[in-house]
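Values below: all heavy atoms of this structure, side chains included; hydrogens, waters and symmetry mates excluded.
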Amino acid sequence: MNAGKGEDQITTIGKCYACKRTFAYIPAKVMTITIDPETGVPPDMTVLGGQREPSPEALARSVKEPICPACVERARRFTT
């Protein structure tokens, strides 16, 4: 039996980056967004909402933040 596989199935409790609601998720399966903690936005986005080439520093310090299924579904409805 592969020890790493069981760890992929452990449920975690955390906050959705988008709506801030607490939800349970499996880290290996949850939708995430990469955020630069210094700016609070994705590394390829400006604080005014524009697109830019991300700097190597911004990419290096960025972290993945979970997004709840309700926010993922809401985003899908806006894009279709």
message = According to a hydrophobic-cluster definition based on side-chain heavy atoms being under 4.5 Å apart (Ile, Leu, Val, Met, Phe, Trp, Tyr only), do I33 and V72 belong together?
response =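 They do share one cluster, since a chain of ILVMFWY contacts under 4.5 Å joins I33 to V72.
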Inter-residue atom distance [X].[atom1] - [Y].[atom2], 0.5 Å rounding:
{"X": "I26", "Y": "I10", "atom1": "CD1", "atom2": "CD1", "answer": "10.0 Å"}
{"X": "R21", "Y": "C71", "atom1": "CZ", "atom2": "SG", "answer": "6.5 Å"}
{"X": "M45", "Y": "Q51", "atom1": "CE", "atom2": "CD", "answer": "5.0 Å"}

ask   = Does the pair V63 and E65 meet the rule for a side chain to side chain contact (heavy atoms under 4.5 Å, CB included), with working shown?
value = CA-CA 6 Å; V63 294; E65 296 287 349; 3.5 Å; yes
message = Test side chain to side chain contact (heavy atoms under 4.5 Å, CB included) on T46 and V41; report intermediate values, then the result.
response = CA-CA 7 Å; T46 68; V41 296; over 6 Å; no
For the student: nearest non-hydrogen atoms of [X] and [Y], plus distance:
{"X": "P27", "Y": "T12", "result": "CG-OG1, 3.3 Å"}
{"X": "D44", "Y": "P54", "result": "CB-CD, 3.9 Å"}
{"X": "Y25", "Y": "I13", "result": "CE2-C, 4.3 Å"}
{"X": "P43", "Y": "L59", "result": "CG-CD2, 3.9 Å"}
{"X": "I67", "Y": "C16", "result": "CA-SG, 3.9 Å"}

key: Within 45° cone and under 6.0 Å: K20 NZ/CZ vs Y17 ring   =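 The answer is yes, since K20 meets both limits relative to Y17.
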